[in-house]
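Reading through the structure tokens given below for one structure.
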Amino acid sequence: MKFTRRSFIQKTSFATVASGIMMPKPTFSQHEENSPKTNSVNPWIELSKKAYLHNAETISKMANGNPVLAVLKNNAYGLGDTEVGRILDESPKIAGIALVKEVRALAIRKAGVKKSILLMADFDEKLGKDLVKADITLSVHSYQSLEKIQALTKKVRSKIKVELYIDTGLGRMGMPYHLALPWAKKIAAESKIHIEGAFTTLTTPRDFAQEQLKRFNQLVNGLKQEGIQIARKHAAPSYSLLDIPDSHLDVVRPGILLHGSFPIIDSPATKMYTLQPTFRLKARVIRVEKLRKGDSVGFSRFYTAEKDEWIATIPIGWADGYDSGSENGAKVLLNNKLYRVINVNASHCNLLLGEKIEAKVGDIATLIGPDHPEITPEGFARSIKGHNYLQIQYKESIPKYVKDHFE
Ligand SMILES: *Cc1c(COP(=O)(O)O)cnc(C)c1O
């Protein structure tokens with residue numbers, strides 16, 4: 001075999017990976033199951049326990065010391081609901097977990113989470129008994145859902161914990177506030193149903209959100225006059241909790257803030273509070289190749305080389321949840337340098353390394369993370385003119401590794 005520079009680089013990089021020299025430095029307290037296999041050719045996500053606990057504490061400060069009901073719907077915005085749930089279970093500021101899929105509520109409980117879990121949605125009748133056994137708090141959101149829970153009371157011994165889900169104007173789920181009083185009285189009269197709380201969801205326009213709060217508080221007061229006390233009231237997702245102090249009620253109910261992002265990029269609150277990014281999305285370089293002038297990359301020949309230059313392939317694409325818009329300006333951190341993404345396919349993307357080759361197969365790329373302003377969720381969102389809620393798309397199959405802290 002002719003010994004070219006390229007084959008030398010490829011051979012050596014394979015060799016070093018195999019001998020373990022290329023292992024990521026153990027900068028965290030590591031267990032074997034706590035870090036990706038040295039030679040993994042699949043992307044992975046690292047989570048920082050310390051960052052989550054810091055954020056929970058900071059959110060509670062934002063909410064004047066109130067406890068935090070952590071919204072871990074949509075697989076904790078793609079970052080792993082059982083992993084994040086277990087981390088937050090240790091925080092004294094976290095009152096409990098709220099989410100919208102009954103199967104995930106069961107999975108989080110099974111993963112060992114001890115704090116209260118609120119299902120803010122309907123449930124499959126077949127899972128009713130399991131949910132009660134797992135001590136999941138159910139939502140009552142209509143007369144139909146009340147009937148379903150009444151039927152369930154006949155199948156279980158213990159009292160069923162519920163919260164009243166009130167629609168004050170979002171128009172998505174819940175009992176319309178103006179119809180809720182007689183309905184709530186009916187629920188309160190059920191001996192085997194215990195009302196633990198009541199909640200609504202605020203919209204973003206401030207005037208209307210304040211009107212929604214008025215509607216919610218009037219209903220709660222109406223119930224009080226009927227002798228029905230609501231122990232826990234909540235209304236505020238991240239946006240409202242920062243925008244309207246009156247929305248804090250008994251607990252606040254953020255999602256995105258927990259993961260270290262503000263609900264809008266450049267929110268004025270960024271000047272008052274520091275959240276820590278909680279995750280890194282990483283993958284190894286699986287191919288390094290040279291383009292000659294005129295060679296192109298991608299199905300649509302999205303990128304064409306104007307001179308001889310090197311490219312790298314990373315095994316992550318839009319089917320994994322990595323935004324396909326990344327080819328319009330996103331950067332990736334590799335060996336302490338930023339490289340431009342020039343192509344995103346379903347399972348792969350390409351980086352432009354340039355005329356010099358400073359990366360090899362097996363090197364670890366960070367696609368999103370706290371390590372550089374251009375690859376934080378906000379930096380990434382800015383670079384592709386997108387939104388910082390984007391990580392919500394990450395596929396469940398991407399493995400998660402929980403670290404005590406990022407270095
Ligand atoms: C998603 C959601 C939240 C959290 O929203 P963030 O904007 O991520 O804070 C809170 N409450 C309900 C009902 C939700 O659906």
Side-chain angles (χ1 to χ4, degrees), residues 52 55-56 58-60 62-63 66-81 84-85 88 93-102 104-105 108 116-123 136-142 145 162-177 197-206 209 212-213 215-216 232-245 247-265 267 269-270 273 275 277-279 377-378 381 386-394:
Y52 273 109
N55 293 346
T58 306
I59 296 166
S60 176
M62 292 170 177
N66 269 16
V68 177
L69 181 54
V71 175
L72 299 188
K73 66 183 183 195
N74 303 317
N75 195 29
Y77 293 176
L79 298 171
D81 54 13
V84 176
L88 293 178
K93 303 297 178 188
I94 297 290
I97 285 162
L99 76 179
V100 295
K101 291 270 191 284
E102 83 287 61
R104 298 315 301 165
I108 289 173
S116 76
I117 300 177
L118 170 64
L119 178 65
M120 304 189 292
D122 212 336
F123 58 92
I136 310 295
T137 305
L138 304 175
S139 290
V140 205
H141 52 85
S142 64
S145 91
V162 301
E163 291 207 12
L164 309 178
Y165 195 164
I166 310 298
D167 181 9
T168 54
L170 181 62
R172 183 174 71 180
M173 279 287 282
M175 189 58 143
Y177 71 101
F199 68 103
T200 190
T201 304
L202 301 180
T203 58
T204 48
R206 189 183 292 160
Q212 286 185 281
L213 278 170
R215 293 170 176 180
F216 186 71
R232 187 170 87 163
K233 300 167 287 295
H234 47 103
S238 299
Y239 185 90
S240 325
L241 109 75
L242 291 167
D243 195 44
I244 307 176
S247 74
H248 299 164
L249 304 178
D250 299 311
V251 288
V252 291
R253 211 178 56 225
I256 189 110
L257 287 170
L258 291 162
H259 310 293
S261 286
F262 286 82
I264 42 173
I265 299 180
S267 154
T270 56
Y273 301 102
L275 295 171
T278 54
F279 73 100
E378 287 66 37
H387 207 288
N388 57 347
Y389 280 70
L390 278 169
Q391 359 298 336
I392 201 166
Q393 311 282 3
Y394 296 155

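When a ligand or atom number is given, it counts from 1 through the structure's own listing order. Along the sequence shown, residues are numbered consecutively beginning with 1. Bear in mind the structure is a predicted one, so any value in this text is a computation, not a measurement.
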With a 4.5 Å cut-off on side-chain heavy atoms, are R232 and L69 touching?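 The answer is yes, as the side chains (C-beta and beyond) meet within the 4.5 Å cut-off.
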Best match, [options]: closest heavy atom to [atom]:
atom	options	result
atom 4 (C) of ligand 1	S139, G255, G174, A98	G255
atom 13 (C) of ligand 1	T201, N74, V100	T201
atom 14 (C) of ligand 1	M120, M173, K73	K73

Considering only non-hydrogen protein atoms, determine which one is nearest to atom 12 (C) of ligand 1 and report residue, atom name and distance to 0.1 Å. R253 NH2, 3.6 Å
Shortest protein heavy-atom distance from atom 7 (O) of ligand 1, along with the residue and atom involved: Y389 OH, 2.7 Å
Name of the residue among [options] meeting side-chain contact (heavy atoms from CB on, under 4.5 Å) with [X]:
X	options	result
M120	T137, V71, L138	V71
S247	L242, L202, V252, T200	L202
I94	V251, V68, I59	V68

Kindly assign one of parallel, tilted or perpendicular to the pair H234 and F199, based on the angle between their ring planes and the thresholds 30° and 60°. parallel
Does ligand 1 have an atom under 4.0 Å from some heavy atom of [X]?
X	result
P254	yes
R172	yes
Y77	yes

Can you list the atoms of ligand 1 that are under 4.0 Å from a heavy atom of I256? 6 (P), 8 (O), 9 (O)
Ligand-side contact atoms (ligand 1) for residue partner S238, heavy atom cut-off under 4.0 Å: 6 (P), 9 (O)
If you measure from each non-hydrogen atom of Y239 to ligand 1, which part falls under 4.0 Å: side chain, backbone, both or neither?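 Answer for Y239: neither.
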Residue pair M62, L257: steps toward the side-chain contact (heavy atoms from CB on, under 4.5 Å) verdict: CA-CA 11 Å; M62 292 170 177; L257 287 170; 4.1 Å; yes
Kindly give the heavy-atom pair with the smallest separation between D167 and G174, and that separation in Å.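 In terms of heavy atoms, the two residues are closest at CB-O, 3.7 Å.
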Check whether H248 reaches the backbone of P245 with its side chain - one donor and one acceptor, N or O, closer than 3.5 Å. yes
